[in-house]
Number of protein chains: 2
Amino acid sequence: MMKTYNYSNLNKQDIQTLVQRNVDPANEIRTLVEDVIAHVKQHGDRALFDYAHQFDKVELSKLYLDKAELQEIASAVTADQKAALKVAYDNIYKFHQSQVKAEDKVETMPGVTCWRELRPIEKVGLYIPGGTAVLPSTFLMLGIPAQIAGCKKIVVCSPPQKNGKVNAFIAEVALMLGVDRVYLAGGAQAVAAMAYGTETISKVDKIFGPGNQFVTKAKTIIQSTTTTAIDMPAGPSEVLVIADGTAKPAFVAADLLAQAEHGIDSQSVLVCTDENIAQQTLIEVEKQLQVLPRAEIAKQALDNSYIVVTDTLAEAMDFSNQYAPEHLILATESWKDITDSIINAGSVFLGNLTPESAGDYASGTNHTLPTSSYARAYSGVSVDSFVKKITFQHLTEEGIKNIGPSVEILADLEGLHAHRNAVSVRVSPPTP
Amino acid sequence: MMKTYNYSNLNKQDIQTLVQRNVDPANEIRTLVEDVIAHVKQHGDRALFDYAHQFDKVELSKLYLDKAELQEIASAVTADQKAALKVAYDNIYKFHQSQVKAEDKVETMPGVTCWRELRPIEKVGLYIPGGTAVLPSTFLMLGIPAQIAGCKKIVVCSPPQKNGKVNAFIAEVALMLGVDRVYLAGGAQAVAAMAYGTETISKVDKIFGPGNQFVTKAKTIIQSTTTTAIDMPAGPSEVLVIADGTAKPAFVAADLLAQAEHGIDSQSVLVCTDENIAQQTLIEVEKQLQVLPRAEIAKQALDNSYIVVTDTLAEAMDFSNQYAPEHLILATESWKDITDSIINAGSVFLGNLTPESAGDYASGTNHTLPTSSYARAYSGVSVDSFVKKITFQHLTEEGIKNIGPSVEILADLEGLHAHRNAVSVRVSPPTP
């Protein structure tokens, strides 16, 4: 169960140790993953059929499901489930659509105009985990911004189930997104297929999506050895709850458990200004655990979790900023007073009535977020992740006259004569 | 000298070969760089003093220059040079300032509100190359957006010259940016110092800046083994010029040479719809080469460069999009007709009067750009590179009632009972 620390007893080094996550738990599998990547690069489709047999225990006759097959599979989805997926789709779409904004042209000097234009990344690959944790919500979170960005080709890979198909909800989301084909490939082999291309699967420019340690390792290797980009590094999921005397222990406990049920390596951290609330939360955790189907997983995750008791919300926020949580819940009625002091976090849930689950599924924000303290430098997935911002500049005759002399001096002082000359020929072209 | 190809004679595979750049020319130095990183991680400052001796041939008494020292060094900068740096500073500042925009709150459902807020990355590291190519312009291009973003700590590393100092222009730019200290560290050891921290140099959250193959390799390793992020992968610089019958051969030649003088691994590509213009450009290149101080470098780079002759501007753009150039110059009076068809490029220079040099130094756009076809998925450096966009969400009582049932259904279908319960406890809390 969760250990409790008193913030005033922690020195800098203690805090450093508490906020530390294992950045690369999967390093020991590097060689294995490199082998898989090399094999897919060399043998293409053949390797994917072999790995489906070896890892997914299924003999595939082809490497994808087409629209008719997806429709048949999706027919198992009930009307209620469809309606819930539609609510999520609409909210996610609405929020992500708001992220697209045309930018202004800026005249930096008379005759010198600069601006940026968005262009979709042409070909993107989405990895949707399958196996024990089938996540149609992840498919929505990646597919919708790709759709809004206008990506021309959206390649979707998901591991085949033992029946050689994907789960009905994955099929349903594919149809909602207008994705007519889902490739039956999982693990490192799916990442390799999207990075190098095979006879059936197109090479893409950027790969998105969470996955197990093999998928994560493969994405890291691909990022540093090919020109294919990845969305972000990924580690186990985590939540940090800041709570004060106005928090509701039953709500906080439910949030800590929702994180803990993800996997045994998940982490739930409570930073609390009120010892009584902390104690009641622990009691609530025990109570709610009783009826939880994934209680065994949650218990192990909680062994890896902890509580920090602070004197003030400011101290709590200070700890949180050092932790840089993927999910930050402000379980306090005073949330408005402290949001400005948030420096590092992936996504923030404000007040007692905003559970992380809302953002995991349907509030509209993206649930693909930086873990493992990557929130110090990375943002979660958004439409930005699916576009490039290309800079443009245009000089008029007046513009080159205005800016030319400065460019000539700067090129000179860097010793780049041809750079200078590219201006000089335009300002005073030699007579022909 | 540049080879010429006719687009209509090229098949898919030929084009693939032409647009291919060496993604990882520096892989053979991996072990060496890993050793340097391990050494700095273990020995801190001591390692930096040793490497300054070994690689920079200088015995340092301390690892940085302070404000007074920078002021003394910068006194060598002339008034003209200062004025030119100021023009660049002002234009870059103006354009980058325009990139900062507050975002709207979006009510995705009644009572469910989502938005994003910008937060600066707290600690950033800027690597400013020294040695043969001293680039104060790069310092401006990285320092200004860091300043606008509001980064709290800006760590600047630049290799020491043999006199144990930095060049006067680097010192001047530091003072312009309000950076009071420049660390005397170069190469992989500087990257390692900023990623792990030493007694003198702070660990940072993200490292920016170009450099030689050691710096680039170190950044790649750091990115995949620590939580410190990097701006982007980097390769040799490149330009692609699209020209038609309205282009000026002397201007095009000057642009090709400006790129070629960077280094022997630079590439200059001309894609031209007019064979006559292409021929005249080659003649102009030979002519301008005569007076170029860095002619030897430029010649070797041009041996590695080529011309493609197409029938139409549409074909030229098609080739360019496959190449995905760092710099794209549209040397045509019809540039307005073809900008919409640009899919992949880092920065674009429009019309006959807009040389790349303008953007390299002073138009206002950033010159830290994706090379080696990374422009398919990456954007150049901007204020965005120095901030995180954190998502926020808030649910009212009405909000959780509206969204709750959908979240419960979605959690159920993913088999995550505790996720469901985090909503249920809030919608109908058990009586205490």
Side-chain angles (χ1 to χ4, degrees), chain A residues 23 81 84 87 91 94-95 98 106 108 112 114 119 121 205-206 220 224 227 229 250 254-255 257-258 261 292-293 343 345 347-348 350 353-355 357 359 361-365 373-374 376-377 379 388-395 400 403 406-407 409-410 417-419 421-423 425-426, chain B residues 23 84 87 91 94-95 98 106 108 112 114 119 121 205-206 220 224 227 229 250 254-255 257-258 261 292-293 343 345 347-348 350 353-355 357 359 361-365 373-374 376-377 379 388-395 400 403 406-407 409-410 413 417-419 421-423 425-426:
Chain A
V23 175
Q81 291 168 334
V87 166
N91 288 353
K94 196 167 176 186
F95 181 56
S98 79
V106 179
T108 52
V112 179
C114 302
R119 293 291 188 276
I121 297 175
D205 301 319
K206 188 168 182 179
T220 314
S224 65
T227 52
D255 292 333
L257 284 168
E261 77 173 338
L292 212 59
I343 300 172
S347 191
V348 185
L350 301 167
L353 292 179
T354 312
S357 319
Y361 289 114
S363 66
T365 62
S373 89
Y374 283 111
R376 291 171 195 275
S379 309
K388 294 102 55 179
K389 294 188 178 176
I390 301 179
T391 48
F392 288 79
Q393 53 243 287
H394 179 256
L395 273 56
I400 185 113
I403 204 175
S406 299
V407 173
I409 292 171
L410 294 167
H417 193 86
H419 279 63
N421 194 47
V423 170
V425 289
R426 284 168 164 98
Chain B
V23 174
V87 166
N91 288 353
K94 197 167 176 187
F95 180 56
S98 80
V106 179
T108 52
V112 179
C114 303
R119 292 293 187 279
I121 296 175
D205 301 319
K206 190 170 182 178
T220 313
S224 64
T227 53
D255 293 332
L257 284 167
E261 79 173 337
L292 211 61
I343 301 173
S347 192
V348 185
L350 301 167
L353 291 179
T354 312
S357 319
Y361 289 113
S363 65
T365 62
S373 88
Y374 283 111
R376 292 171 194 273
S379 309
K388 293 102 55 179
K389 294 188 179 177
I390 301 179
T391 48
F392 288 78
Q393 53 241 288
H394 178 256
L395 272 56
I400 185 115
I403 204 175
S406 299
V407 173
I409 292 170
L410 293 167
L413 66 80
H417 192 86
H419 278 64
N421 194 48
V423 170
V425 291
R426 285 168 164 98

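Hydrogens, waters and symmetry mates are skipped; everything else that's a heavy atom, side chains included, is used. Convention: sequence-line order gives letters A, B, ...; per-chain numbering from 1. Since the model is a prediction, treat every value here as computed from it, not as a measurement.
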Restricting to side-chain contact (heavy atoms from CB on, under 4.5 Å), what partner residues turn up for A:Thr354, sequence neighbours left out?
A:Phe349, B:Gln393, B:His394, B:Leu395
Pairing donors with acceptors under 3.5 angstrom, does anything connect the side chains of B:Glu261 and A:His419?
yes
Taking side chain as everything from C-beta outward and backbone as N, CA, C, O, which of these in [X] sits under 4.5 Å from a heavy atom of chain A? Side chain, backbone, both or neither.
X: B:Val348; answer: both
X: B:Val112; answer: side chain
X: B:Ile400; answer: side chain
X: B:Ile390; answer: both

I'd like to know which of B:Asp255, B:Leu410, B:Ile409, B:Asn421 tops the heavy-atom pair count under 4.5 Å against chain A.
B:Leu410
Option that, when pairs with chain B are counted at under 4.5 Å, heavy atom only, ranks first among [options]:
options: A:Ser363, A:Ala254, A:Ala362, A:Ser373; result: A:Ser363
options: A:Val106, A:Val87, A:Asp205; result: A:Asp205
options: A:Lys206, A:Gln81, A:Arg376; result: A:Arg376
options: A:Ile343, A:Leu257, A:Thr220; result: A:Ile343
options: A:Cys114, A:Ala422, A:Ala345, A:Ala229; result: A:Cys114

Between B:Thr108 and A:Asn91 (side chain of the first, backbone of the second, donor and acceptor by atom type, cut-off under 3.5 Å), is there such a pair?
no
Provide the closest heavy-atom pair for [X] versus [Y] in the form atom of the first, atom of the second, distance.
X: A:Ser357; Y: B:Val423; value: CB-CG2, 4.2 Å
X: B:His417; Y: A:Leu292; value: CD2-CD1, 3.9 Å
X: A:Ile121; Y: B:Ala377; value: CD1-O, 3.6 Å

Could you tell me which portion of A:Ile403 (side chain, backbone, both or neither) has an atom closer than 4.5 angstrom to a non-hydrogen atom of chain B?
side chain
Need one label for A:Ser98: side chain, backbone, both or neither, based on atoms under 4.5 Å from any heavy atom in chain B.
side chain
Residues two or more places apart in sequence or in another chain: which of them pass ring-ring contact (aromatic ring centres under 6.0 Å, His included) with B:Phe95?
none
